[in-house]
Amino acid sequence: MPEHTNNGMQCNEFDALLTDALDGVLNGTELERFQAHAGSCKACGPLLVEVEAGRNWLKGLTEVEPPANLVANILASTTGVDTHRLRVTARVPQPRVSWLEHVQATISGYLEPIWATVRQPRFAMSFGMAFFALSVGLTVAGVKPADLRQISLRPTAIRHTYYATQARVVHYYENVRVVYELQAAVRRIKRNAEPAEPGRKQNRPGKQINERNDTTQQPEQKQERNYSQTENHLVLASAHVGPCLKSCDLPVVSVTTYRRLV
Amino acid sequence: MEDVQVVAMLVRRCIAGDSAAWEEIVQTYNRRIYNICYRFAGSGDDAEDLTQEVFIKMYRTLSSYDPSKGAFVTWVTTITRNLLVDHFRKTKQDRMTDSIDSTASEHEDAQPLSEHIQDQSAPPDTHVRHREVSETVHAALAKLSPELREAVILRDLQDMDYREIATVLKVPEGTVKSRINRGRAELGRLLQRTYRQVM
(Lines give C-alpha, C1' and ligand atoms only; values in the text may rest on other atoms or scores of the structure.)
Protein backbone atom coordinates (compact mmCIF):
# COMPACT_ATOMS: atom_id res chain seq x y z
CA MET A 1 0.00 0.00 0.00
CA PRO A 2 1.42 3.39 -0.89
CA GLU A 3 2.40 5.54 2.01
CA HIS A 4 0.37 8.63 1.23
CA THR A 5 -0.31 11.33 3.75
CA ASN A 6 -3.63 13.02 3.38
CA ASN A 7 -5.12 15.24 6.05
CA GLY A 8 -2.39 14.28 8.48
CA MET A 9 -3.04 10.52 8.24
CA GLN A 10 -0.91 7.92 6.51
CA CYS A 11 -2.37 4.92 4.69
CA ASN A 12 -0.96 2.38 7.12
CA GLU A 13 -2.55 4.31 9.98
CA PHE A 14 -5.81 4.28 8.07
CA ASP A 15 -5.47 0.53 7.63
CA ALA A 16 -4.91 0.05 11.36
CA LEU A 17 -7.99 2.09 12.21
CA LEU A 18 -10.19 0.46 9.63
CA THR A 19 -11.59 -2.24 11.91
CA ASP A 20 -12.19 0.21 14.72
CA ALA A 21 -13.96 2.56 12.35
CA LEU A 22 -16.25 -0.20 11.14
CA ASP A 23 -16.86 -1.33 14.71
CA GLY A 24 -17.93 2.23 15.54
CA VAL A 25 -15.32 2.78 18.23
CA LEU A 26 -13.66 5.73 16.53
CA ASN A 27 -14.84 9.15 17.55
CA GLY A 28 -13.81 12.74 17.74
CA THR A 29 -10.93 14.04 15.74
CA GLU A 30 -9.67 10.57 14.96
CA LEU A 31 -12.89 9.75 13.16
CA GLU A 32 -12.78 13.03 11.25
CA ARG A 33 -9.20 12.39 10.14
CA PHE A 34 -10.15 8.88 9.13
CA GLN A 35 -13.11 10.05 7.05
CA ALA A 36 -11.08 12.82 5.50
CA HIS A 37 -8.37 10.38 4.46
CA ALA A 38 -10.95 7.98 3.01
CA GLY A 39 -12.42 10.79 0.96
CA SER A 40 -9.14 12.04 -0.42
CA CYS A 41 -6.96 8.92 -0.82
CA LYS A 42 -7.48 7.05 -4.11
CA ALA A 43 -6.35 3.74 -2.59
CA CYS A 44 -7.97 3.88 0.83
CA GLY A 45 -11.36 5.20 -0.28
CA PRO A 46 -12.22 2.17 -2.46
CA LEU A 47 -10.65 -0.09 0.14
CA LEU A 48 -13.06 1.18 2.77
CA VAL A 49 -15.98 0.55 0.40
CA GLU A 50 -14.84 -3.01 -0.32
CA VAL A 51 -14.19 -3.83 3.31
CA GLU A 52 -17.58 -2.48 4.33
CA ALA A 53 -19.28 -4.43 1.54
CA GLY A 54 -17.50 -7.62 2.53
CA ARG A 55 -18.47 -7.22 6.14
CA ASN A 56 -22.10 -6.62 5.19
CA TRP A 57 -22.16 -9.73 3.01
CA LEU A 58 -20.78 -11.80 5.87
CA LYS A 59 -23.24 -10.33 8.36
CA GLY A 60 -26.02 -11.43 6.03
CA LEU A 61 -25.01 -15.06 6.41
CA THR A 62 -27.19 -16.89 8.86
CA GLU A 63 -26.25 -19.86 10.96
CA VAL A 64 -26.80 -23.24 9.35
CA GLU A 65 -28.69 -25.94 11.17
CA PRO A 66 -26.56 -28.94 12.16
CA PRO A 67 -27.79 -32.39 11.13
CA ALA A 68 -30.47 -33.79 13.40
CA ASN A 69 -28.44 -36.79 14.52
CA LEU A 70 -25.17 -34.91 15.05
CA VAL A 71 -25.39 -34.83 18.83
CA ALA A 72 -26.30 -38.50 19.01
CA ASN A 73 -23.39 -39.38 16.73
CA ILE A 74 -20.99 -37.31 18.80
CA LEU A 75 -22.12 -38.95 22.03
CA ALA A 76 -21.91 -42.38 20.45
CA SER A 77 -18.39 -41.71 19.17
CA THR A 78 -17.13 -40.21 22.43
CA THR A 79 -18.80 -42.01 25.30
CA GLY A 80 -19.70 -45.02 23.20
CA VAL A 81 -23.27 -44.75 24.39
CA ASP A 82 -25.84 -44.69 21.65
CA THR A 83 -28.49 -42.63 23.34
CA HIS A 84 -31.87 -43.90 22.28
CA ARG A 85 -33.57 -40.76 23.56
CA LEU A 86 -31.62 -38.49 21.22
CA ARG A 87 -32.09 -40.83 18.31
CA VAL A 88 -35.81 -40.78 18.83
CA THR A 89 -35.96 -36.99 18.98
CA ALA A 90 -33.71 -36.67 15.97
CA ARG A 91 -35.67 -39.16 13.92
CA VAL A 92 -37.88 -37.62 11.31
CA PRO A 93 -41.43 -39.04 11.44
CA GLN A 94 -41.94 -41.40 8.53
CA PRO A 95 -45.21 -41.40 6.59
CA ARG A 96 -47.34 -44.48 7.24
CA VAL A 97 -47.05 -47.14 4.57
CA SER A 98 -49.68 -49.80 4.07
CA TRP A 99 -48.68 -53.47 4.09
CA LEU A 100 -49.56 -53.76 0.41
CA GLU A 101 -47.17 -50.98 -0.52
CA HIS A 102 -44.57 -52.56 1.73
CA VAL A 103 -44.93 -55.91 -0.07
CA GLN A 104 -44.82 -54.20 -3.44
CA ALA A 105 -41.69 -52.31 -2.45
CA THR A 106 -40.05 -55.55 -1.21
CA ILE A 107 -40.89 -57.46 -4.39
CA SER A 108 -39.82 -54.64 -6.63
CA GLY A 109 -36.59 -54.43 -4.65
CA TYR A 110 -35.85 -58.06 -5.53
CA LEU A 111 -37.09 -57.89 -9.11
CA GLU A 112 -35.52 -54.61 -10.06
CA PRO A 113 -31.95 -55.97 -10.53
CA ILE A 114 -33.25 -58.93 -12.52
CA TRP A 115 -35.39 -56.71 -14.66
CA ALA A 116 -32.47 -54.35 -15.22
CA THR A 117 -30.41 -57.32 -16.45
CA VAL A 118 -33.18 -58.63 -18.68
CA ARG A 119 -33.58 -55.26 -20.28
CA GLN A 120 -30.06 -55.39 -21.68
CA PRO A 121 -30.19 -56.01 -25.45
CA ARG A 122 -28.00 -59.12 -25.43
CA PHE A 123 -30.06 -60.83 -22.73
CA ALA A 124 -33.31 -59.71 -24.32
CA MET A 125 -32.21 -61.38 -27.58
CA SER A 126 -31.28 -64.58 -25.72
CA PHE A 127 -34.59 -64.70 -23.90
CA GLY A 128 -36.40 -64.07 -27.17
CA MET A 129 -34.62 -67.00 -28.81
CA ALA A 130 -35.32 -69.22 -25.81
CA PHE A 131 -38.99 -68.34 -25.91
CA PHE A 132 -39.11 -69.02 -29.64
CA ALA A 133 -37.45 -72.41 -29.18
CA LEU A 134 -39.82 -73.30 -26.35
CA SER A 135 -42.88 -72.36 -28.32
CA VAL A 136 -41.67 -74.35 -31.34
CA GLY A 137 -40.92 -77.32 -29.09
CA LEU A 138 -44.36 -77.22 -27.52
CA THR A 139 -46.01 -76.92 -30.89
CA VAL A 140 -44.11 -79.93 -32.22
CA ALA A 141 -44.97 -81.87 -29.05
CA GLY A 142 -48.61 -81.12 -29.64
CA VAL A 143 -49.12 -78.96 -26.60
CA LYS A 144 -51.60 -76.24 -27.18
CA PRO A 145 -52.28 -73.36 -24.83
CA ALA A 146 -55.97 -74.09 -25.16
CA ASP A 147 -55.39 -77.53 -23.61
CA LEU A 148 -53.85 -75.97 -20.56
CA ARG A 149 -57.09 -74.18 -19.90
CA GLN A 150 -58.85 -77.51 -19.50
CA ILE A 151 -56.52 -78.71 -16.79
CA SER A 152 -58.38 -79.05 -13.55
CA LEU A 153 -56.59 -77.71 -10.51
CA ARG A 154 -58.88 -79.33 -7.95
CA PRO A 155 -56.97 -81.38 -5.33
CA THR A 156 -58.65 -84.64 -6.34
CA ALA A 157 -57.91 -84.01 -10.00
CA ILE A 158 -54.28 -83.20 -9.23
CA ARG A 159 -54.02 -86.39 -7.13
CA HIS A 160 -55.56 -88.43 -9.90
CA THR A 161 -53.15 -86.97 -12.41
CA TYR A 162 -50.27 -87.75 -10.12
CA TYR A 163 -51.24 -91.42 -9.69
CA ALA A 164 -51.94 -91.85 -13.38
CA THR A 165 -48.54 -90.40 -14.25
CA GLN A 166 -46.85 -92.62 -11.68
CA ALA A 167 -48.61 -95.72 -13.05
CA ARG A 168 -47.54 -94.77 -16.55
CA VAL A 169 -43.93 -94.42 -15.47
CA VAL A 170 -43.96 -97.79 -13.65
CA HIS A 171 -45.58 -99.48 -16.63
CA TYR A 172 -42.97 -98.04 -18.96
CA TYR A 173 -40.19 -99.17 -16.67
CA GLU A 174 -41.60 -102.74 -16.53
CA ASN A 175 -41.80 -102.88 -20.31
CA VAL A 176 -38.27 -101.71 -20.67
CA ARG A 177 -37.08 -104.31 -18.14
CA VAL A 178 -38.76 -107.15 -20.08
CA VAL A 179 -37.08 -105.96 -23.24
CA TYR A 180 -33.67 -105.87 -21.55
CA GLU A 181 -34.17 -109.37 -20.10
CA LEU A 182 -35.08 -110.73 -23.52
CA GLN A 183 -32.06 -109.09 -25.06
CA ALA A 184 -29.82 -110.58 -22.37
CA ALA A 185 -31.28 -114.06 -22.89
CA VAL A 186 -30.75 -113.88 -26.64
CA ARG A 187 -27.16 -112.72 -26.11
CA ARG A 188 -26.54 -115.65 -23.76
CA ILE A 189 -27.94 -118.16 -26.24
CA LYS A 190 -25.80 -116.74 -29.01
CA ARG A 191 -22.69 -116.96 -26.87
CA ASN A 192 -23.38 -120.61 -26.04
CA ALA A 193 -24.03 -121.49 -29.65
CA GLU A 194 -20.69 -120.11 -30.91
CA PRO A 195 -17.71 -122.64 -31.32
CA ALA A 196 -15.34 -122.41 -28.41
CA GLU A 197 -11.78 -121.16 -29.10
CA PRO A 198 -10.35 -121.40 -25.67
CA GLY A 199 -6.63 -121.43 -26.53
CA ARG A 200 -6.71 -118.41 -28.68
CA LYS A 201 -9.07 -116.56 -26.42
CA GLN A 202 -7.23 -117.49 -23.24
CA ASN A 203 -3.84 -116.59 -24.64
CA ARG A 204 -4.98 -113.31 -25.96
CA PRO A 205 -4.79 -111.30 -22.76
CA GLY A 206 -1.47 -112.78 -21.73
CA LYS A 207 -0.08 -112.19 -25.12
CA GLN A 208 -1.15 -108.69 -25.07
CA ILE A 209 0.54 -108.17 -21.74
CA ASN A 210 3.72 -109.82 -23.02
CA GLU A 211 3.71 -107.77 -26.15
CA ARG A 212 3.26 -104.69 -24.09
CA ASN A 213 6.13 -105.57 -21.76
CA ASP A 214 8.41 -106.92 -24.39
CA THR A 215 11.23 -104.49 -24.91
CA THR A 216 13.85 -106.91 -26.10
CA GLN A 217 12.03 -108.08 -29.22
CA GLN A 218 13.06 -111.68 -28.42
CA PRO A 219 10.89 -114.64 -29.24
CA GLU A 220 9.37 -115.37 -25.87
CA GLN A 221 7.69 -118.62 -26.79
CA LYS A 222 10.95 -120.11 -27.95
CA GLN A 223 12.78 -119.18 -24.80
CA GLU A 224 10.06 -120.73 -22.69
CA ARG A 225 10.25 -123.84 -24.68
CA ASN A 226 14.02 -124.17 -24.26
CA TYR A 227 14.48 -123.18 -20.62
CA SER A 228 11.33 -124.32 -18.95
CA GLN A 229 11.73 -127.94 -19.66
CA THR A 230 12.94 -130.24 -16.96
CA GLU A 231 15.90 -132.47 -17.46
CA ASN A 232 13.87 -135.63 -17.79
CA HIS A 233 11.27 -134.25 -20.04
CA LEU A 234 10.73 -136.57 -22.88
CA VAL A 235 10.19 -135.17 -26.32
CA LEU A 236 8.72 -137.49 -28.81
CA ALA A 237 9.90 -136.94 -32.31
CA SER A 238 7.07 -138.28 -34.21
CA ALA A 239 5.17 -137.60 -37.28
CA HIS A 240 1.71 -136.24 -37.26
CA VAL A 241 -0.70 -138.76 -35.95
CA GLY A 242 -3.24 -139.47 -38.55
CA PRO A 243 -4.74 -142.09 -40.78
CA CYS A 244 -1.84 -142.00 -43.20
CA LEU A 245 0.60 -142.69 -40.39
CA LYS A 246 -1.16 -145.80 -39.29
CA SER A 247 -1.34 -147.13 -42.79
CA CYS A 248 2.37 -146.54 -43.46
CA ASP A 249 3.51 -148.20 -40.15
CA LEU A 250 6.53 -145.98 -39.65
CA PRO A 251 8.70 -146.77 -36.58
CA VAL A 252 8.44 -144.49 -33.56
CA VAL A 253 11.81 -143.05 -32.47
CA SER A 254 12.20 -141.73 -28.97
CA VAL A 255 14.80 -138.97 -28.41
CA THR A 256 15.75 -137.75 -25.00
CA THR A 257 17.19 -134.26 -24.71
CA TYR A 258 18.79 -132.91 -21.60
CA ARG A 259 18.80 -129.41 -20.51
CA ARG A 260 22.18 -127.78 -20.78
CA LEU A 261 23.84 -127.65 -17.42
CA VAL A 262 25.46 -124.38 -16.62
CA MET B 1 -20.93 -15.49 26.72
CA GLU B 2 -20.38 -18.16 29.26
CA ASP B 3 -20.30 -18.32 32.95
CA VAL B 4 -16.80 -19.39 33.75
CA GLN B 5 -17.78 -21.03 37.00
CA VAL B 6 -20.58 -23.03 35.43
CA VAL B 7 -18.41 -24.23 32.59
CA ALA B 8 -15.58 -25.09 34.94
CA MET B 9 -18.01 -27.14 37.00
CA LEU B 10 -19.29 -28.89 33.88
CA VAL B 11 -15.77 -29.75 32.85
CA ARG B 12 -14.96 -31.10 36.29
CA ARG B 13 -18.07 -33.25 36.22
CA CYS B 14 -17.12 -34.53 32.78
CA ILE B 15 -13.65 -35.45 33.93
CA ALA B 16 -15.22 -37.25 36.89
CA GLY B 17 -17.20 -39.35 34.43
CA ASP B 18 -20.56 -37.63 34.46
CA SER B 19 -22.05 -38.38 31.04
CA ALA B 20 -24.89 -35.91 31.55
CA ALA B 21 -22.38 -33.07 31.89
CA TRP B 22 -20.67 -34.14 28.70
CA GLU B 23 -24.00 -34.28 26.91
CA GLU B 24 -24.72 -30.74 28.08
CA ILE B 25 -21.41 -29.53 26.67
CA VAL B 26 -22.13 -31.25 23.36
CA GLN B 27 -25.60 -29.74 23.24
CA THR B 28 -24.23 -26.28 23.98
CA TYR B 29 -21.33 -26.16 21.56
CA ASN B 30 -22.21 -28.45 18.66
CA ARG B 31 -24.01 -25.76 16.70
CA ARG B 32 -21.18 -23.29 17.00
CA ILE B 33 -18.50 -25.80 16.06
CA TYR B 34 -20.54 -27.17 13.18
CA ASN B 35 -21.00 -23.68 11.76
CA ILE B 36 -17.30 -22.87 11.98
CA CYS B 37 -16.48 -26.16 10.26
CA TYR B 38 -19.16 -25.66 7.63
CA ARG B 39 -18.03 -22.17 6.72
CA PHE B 40 -14.38 -23.17 6.66
CA ALA B 41 -14.63 -26.58 4.96
CA GLY B 42 -17.44 -25.57 2.64
CA SER B 43 -19.45 -28.80 2.70
CA GLY B 44 -21.98 -30.17 5.14
CA ASP B 45 -20.56 -33.69 5.12
CA ASP B 46 -17.05 -32.50 5.90
CA ALA B 47 -18.43 -30.21 8.59
CA GLU B 48 -20.27 -33.10 10.24
CA ASP B 49 -17.17 -35.30 10.26
CA LEU B 50 -14.96 -32.48 11.49
CA THR B 51 -17.40 -31.56 14.25
CA GLN B 52 -17.33 -35.13 15.49
CA GLU B 53 -13.54 -35.13 15.38
CA VAL B 54 -13.45 -31.89 17.37
CA PHE B 55 -15.63 -33.37 20.09
CA ILE B 56 -13.63 -36.58 20.18
CA LYS B 57 -10.47 -34.55 20.66
CA MET B 58 -12.19 -32.41 23.28
CA TYR B 59 -13.34 -35.49 25.14
CA ARG B 60 -9.83 -36.90 25.23
CA THR B 61 -8.09 -33.67 26.22
CA LEU B 62 -10.73 -32.21 28.51
CA SER B 63 -8.48 -32.58 31.52
CA SER B 64 -5.93 -30.25 29.90
CA TYR B 65 -8.34 -27.32 29.93
CA ASP B 66 -7.26 -24.66 32.41
CA PRO B 67 -9.97 -22.07 33.21
CA SER B 68 -7.37 -19.60 34.37
CA LYS B 69 -5.78 -19.45 30.92
CA GLY B 70 -8.89 -18.45 29.05
CA ALA B 71 -12.51 -19.01 28.30
CA PHE B 72 -13.76 -22.47 27.48
CA VAL B 73 -15.17 -21.25 24.18
CA THR B 74 -11.73 -19.98 23.17
CA TRP B 75 -10.23 -23.35 24.05
CA VAL B 76 -12.92 -25.14 22.01
CA THR B 77 -12.45 -22.78 19.08
CA THR B 78 -8.69 -23.30 19.18
CA ILE B 79 -9.16 -27.07 18.96
CA THR B 80 -11.58 -26.57 16.09
CA ARG B 81 -9.27 -24.25 14.25
CA ASN B 82 -6.28 -26.59 14.64
CA LEU B 83 -8.28 -29.50 13.28
CA LEU B 84 -9.51 -27.40 10.38
CA VAL B 85 -5.97 -26.42 9.50
CA ASP B 86 -4.91 -30.08 9.65
CA HIS B 87 -7.86 -31.00 7.49
CA PHE B 88 -6.96 -28.28 5.03
CA ARG B 89 -3.39 -29.53 4.80
CA LYS B 90 -4.51 -33.10 4.32
CA THR B 91 -7.04 -32.39 1.64
CA LYS B 92 -4.81 -29.79 0.00
CA GLN B 93 -7.64 -27.53 -0.90
CA ASP B 94 -5.81 -25.14 -3.09
CA ARG B 95 -8.54 -22.62 -3.51
CA MET B 96 -6.65 -19.76 -2.10
CA THR B 97 -7.23 -16.34 -3.44
CA ASP B 98 -4.34 -14.02 -3.43
CA SER B 99 -3.94 -11.06 -1.23
CA ILE B 100 -5.65 -7.79 -1.73
CA ASP B 101 -2.79 -6.64 -3.94
CA SER B 102 -3.45 -9.27 -6.61
CA THR B 103 -4.72 -8.17 -9.97
CA ALA B 104 -8.23 -8.77 -11.18
CA SER B 105 -7.08 -10.80 -14.16
CA GLU B 106 -5.80 -13.55 -11.89
CA HIS B 107 -9.29 -14.11 -10.58
CA GLU B 108 -10.92 -14.22 -13.95
CA ASP B 109 -9.56 -17.73 -14.51
CA ALA B 110 -11.34 -18.93 -11.44
CA GLN B 111 -14.82 -20.29 -11.52
CA PRO B 112 -17.16 -17.34 -11.75
CA LEU B 113 -19.40 -16.93 -8.77
CA SER B 114 -22.23 -16.00 -11.09
CA GLU B 115 -22.61 -19.72 -11.73
CA HIS B 116 -24.02 -20.02 -8.27
CA ILE B 117 -26.74 -17.53 -9.03
CA GLN B 118 -29.62 -19.03 -10.93
CA ASP B 119 -31.45 -16.10 -12.41
CA GLN B 120 -31.21 -12.66 -10.96
CA SER B 121 -33.61 -11.11 -13.41
CA ALA B 122 -36.57 -13.15 -12.31
CA PRO B 123 -38.14 -11.95 -9.07
CA PRO B 124 -38.21 -15.05 -6.90
CA ASP B 125 -39.68 -14.98 -3.46
CA THR B 126 -37.65 -13.58 -0.62
CA HIS B 127 -36.71 -16.91 0.88
CA VAL B 128 -35.31 -18.30 -2.34
CA ARG B 129 -33.52 -15.08 -3.06
CA HIS B 130 -31.96 -15.04 0.38
CA ARG B 131 -30.85 -18.64 0.02
CA GLU B 132 -29.22 -17.89 -3.32
CA VAL B 133 -27.37 -14.92 -1.90
CA SER B 134 -26.20 -17.01 1.05
CA GLU B 135 -24.90 -19.69 -1.28
CA THR B 136 -23.09 -17.09 -3.32
CA VAL B 137 -21.44 -15.55 -0.28
CA HIS B 138 -20.58 -19.03 1.02
CA ALA B 139 -18.94 -19.87 -2.30
CA ALA B 140 -17.03 -16.59 -2.26
CA LEU B 141 -15.86 -17.31 1.27
CA ALA B 142 -14.43 -20.62 0.13
CA LYS B 143 -12.29 -18.72 -2.37
CA LEU B 144 -10.44 -16.82 0.33
CA SER B 145 -7.12 -18.08 1.58
CA PRO B 146 -7.40 -20.09 4.82
CA GLU B 147 -5.72 -17.35 6.87
CA LEU B 148 -8.15 -14.69 5.73
CA ARG B 149 -11.11 -17.06 5.87
CA GLU B 150 -10.60 -18.16 9.44
CA ALA B 151 -10.14 -14.56 10.56
CA VAL B 152 -13.36 -13.28 9.03
CA ILE B 153 -15.31 -16.38 10.14
CA LEU B 154 -14.28 -15.90 13.75
CA ARG B 155 -14.92 -12.19 13.67
CA ASP B 156 -17.98 -11.70 11.48
CA LEU B 157 -19.76 -15.04 11.90
CA GLN B 158 -18.78 -16.03 15.43
CA ASP B 159 -18.56 -12.50 16.87
CA MET B 160 -15.34 -13.17 18.71
CA ASP B 161 -13.30 -10.20 19.86
CA TYR B 162 -9.83 -9.52 18.49
CA ARG B 163 -8.06 -10.70 21.57
CA GLU B 164 -9.79 -14.08 21.53
CA ILE B 165 -9.12 -14.43 17.82
CA ALA B 166 -5.48 -13.59 18.40
CA THR B 167 -5.35 -16.32 21.06
CA VAL B 168 -6.97 -18.87 18.76
CA LEU B 169 -4.85 -18.00 15.74
CA LYS B 170 -1.71 -17.45 17.82
CA VAL B 171 -0.90 -14.15 16.09
CA PRO B 172 -0.85 -10.55 17.35
CA GLU B 173 -4.01 -8.52 17.39
CA GLY B 174 -2.68 -6.20 14.70
CA THR B 175 -2.24 -9.16 12.38
CA VAL B 176 -5.75 -10.31 13.17
CA LYS B 177 -7.19 -6.92 12.23
CA SER B 178 -5.14 -6.79 9.06
CA ARG B 179 -6.34 -10.26 8.03
CA ILE B 180 -9.91 -9.36 8.75
CA ASN B 181 -9.65 -6.23 6.63
CA ARG B 182 -8.02 -8.09 3.77
CA GLY B 183 -10.54 -10.90 3.97
CA ARG B 184 -13.51 -8.56 3.95
CA ALA B 185 -12.07 -6.51 1.11
CA GLU B 186 -11.34 -9.61 -0.93
CA LEU B 187 -14.83 -10.92 -0.37
CA GLY B 188 -16.41 -7.58 -1.21
CA ARG B 189 -14.42 -7.37 -4.40
CA LEU B 190 -15.32 -10.92 -5.45
CA LEU B 191 -19.02 -10.43 -4.83
CA GLN B 192 -19.05 -7.00 -6.39
CA ARG B 193 -17.56 -8.44 -9.55
CA THR B 194 -19.99 -11.35 -9.49
CA TYR B 195 -23.08 -9.24 -9.23
CA ARG B 196 -21.75 -6.84 -11.80
CA GLN B 197 -21.44 -9.80 -14.23
CA VAL B 198 -24.94 -11.00 -13.43
CA MET B 199 -26.52 -7.61 -13.74
Side-chain angles (χ1 to χ4, degrees), chain A residues 1-3 11-26 34 37-38 41 43-87 89-90, chain B residues 17 19 22-23 25-27 29-35 37-39 44-45 47-49 51-60 100-101 130-131 133-134 136-138 140-141 144 152-153 155-158 161-162 173-174 176-178 180-192:
Chain A
M1 185 177 288
E3 295 297 323
C11 289
N12 56 358
E13 191 183 354
F14 178 87
D15 197 27
L17 293 173
L18 196 51
T19 49
D20 291 340
L22 289 175
D23 292 340
V25 295
L26 280 186
F34 180 85
H37 183 85
C41 182
C44 296
L47 176 65
L48 176 62
V49 173
E50 287 170 355
V51 169
E52 203 164 8
R55 191 190 65 153
N56 291 337
W57 284 116
L58 286 167
K59 288 290 178 190
L61 281 180
T62 52
E63 272 196 336
V64 289
E65 201 62 37
N69 56 350
L70 180 64
V71 174
N73 289 340
I74 290 167
L75 291 175
S77 59
T78 50
T79 59
V81 179
D82 198 357
T83 50
H84 180 68
R85 177 175 61 80
L86 290 168
R87 293 259 180 222
T89 53
Chain B
S19 59
W22 172 245
E23 188 178 328
I25 287 176
V26 173
Q27 293 278 14
Y29 294 98
N30 80 88
R31 189 184 179 89
R32 177 191 177 87
I33 293 171
Y34 178 80
N35 270 275
C37 293
Y38 176 71
R39 293 301 178 196
D45 290 338
E48 192 174 350
D49 293 343
T51 306
Q52 285 195 47
E53 282 183 40
V54 168
F55 276 102
I56 289 169
K57 193 168 183 184
M58 265 174 70
Y59 190 74
R60 287 176 183 164
I100 197 167
D101 302 324
H130 182 260
R131 198 184 64 196
V133 170
S134 294
T136 309
V137 177
H138 183 69
L141 191 60
L144 298 184
V152 295
I153 286 172
R155 176 61 192 164
D156 291 328
L157 300 181
Q158 298 299 323
D161 61 41
Y162 300 112
E173 274 190 44
V176 170
K177 288 181 180 178
S178 173
I180 290 169
N181 286 335
R182 287 163 59 199
R184 285 171 176 170
E186 189 67 35
L187 196 73
R189 197 182 303 149
L190 281 167
L191 289 166
Q192 200 176 7

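Just so we're clear, the structure is a prediction, and the values are computed from it rather than from any experiment.
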Are the side chains of [Y] and [X] in contact, using a 4.5 Å heavy-atom criterion?
X       : Y        : answer
A:Glu63 : B:Leu157 : no
A:Leu18 : B:Arg184 : no
B:Tyr34 : A:Pro67  : yes
B:Arg39 : A:Leu58  : no
A:Thr79 : B:Tyr59  : yes

field: Counterpart residues, side chain to side chain donor-acceptor pair (under 3.5 Å), relative to B:Arg131 (two or more places apart)
entry: none

- prompt: Hey, does the side chain of B:Asp156 reach the backbone of A:Lys59 with a donor-acceptor pair shorter than 3.5 angstrom?
  reply: no

Restricting to non-hydrogen atoms, name the atom on [X] and the atom on [Y] that form the minimum distance, rounded to 0.1 Å.
X        : Y       : answer
B:Leu187 : A:Gly54 : CD2-O, 3.8 Å
B:Ser134 : A:Leu61 : O-CD2, 3.6 Å
B:Ala185 : A:Leu47 : CB-CD1, 3.9 Å

- prompt: With a 4.0 Å cut-off, would you call A:Glu65 and B:Arg31 a salt bridge?
  reply: yes

- request: Before accepting this row, confirm whether a basic side-chain N of the pair A:Asp23/B:Arg155 lies closer than 4.0 Å to the acidic partner's carboxylate O.
  value: yes

From [X] atom [atom1] to [Y] atom [atom2], the distance as rounded to the nearest 0.5 Å:
X        : Y        : atom1 : atom2 : answer
B:Glu23  : A:Leu75  : CD    : CG    : 5.0 Å
B:Tyr162 : A:Asp20  : OH    : CG    : 6.5 Å
A:Glu50  : B:Leu190 : CD    : CG    : 10.0 Å
B:Asn181 : A:Arg55  : CG    : CZ    : 10.5 Å

- prompt: Which bit of A:Leu48 comes within less than 4.5 Å of chain B, counting heavy atoms only: side chain, backbone, both or neither?
  reply: neither

message: At a heavy-atom distance under 4.5 Å, which candidate from B:Ile153, B:Leu141, B:Val137, B:Ile33 has the highest pair count against chain A?
response: B:Val137

query: Is a side-chain donor-acceptor pair under 3.5 Å present for B:Trp22 with A:Thr78?
result: yes

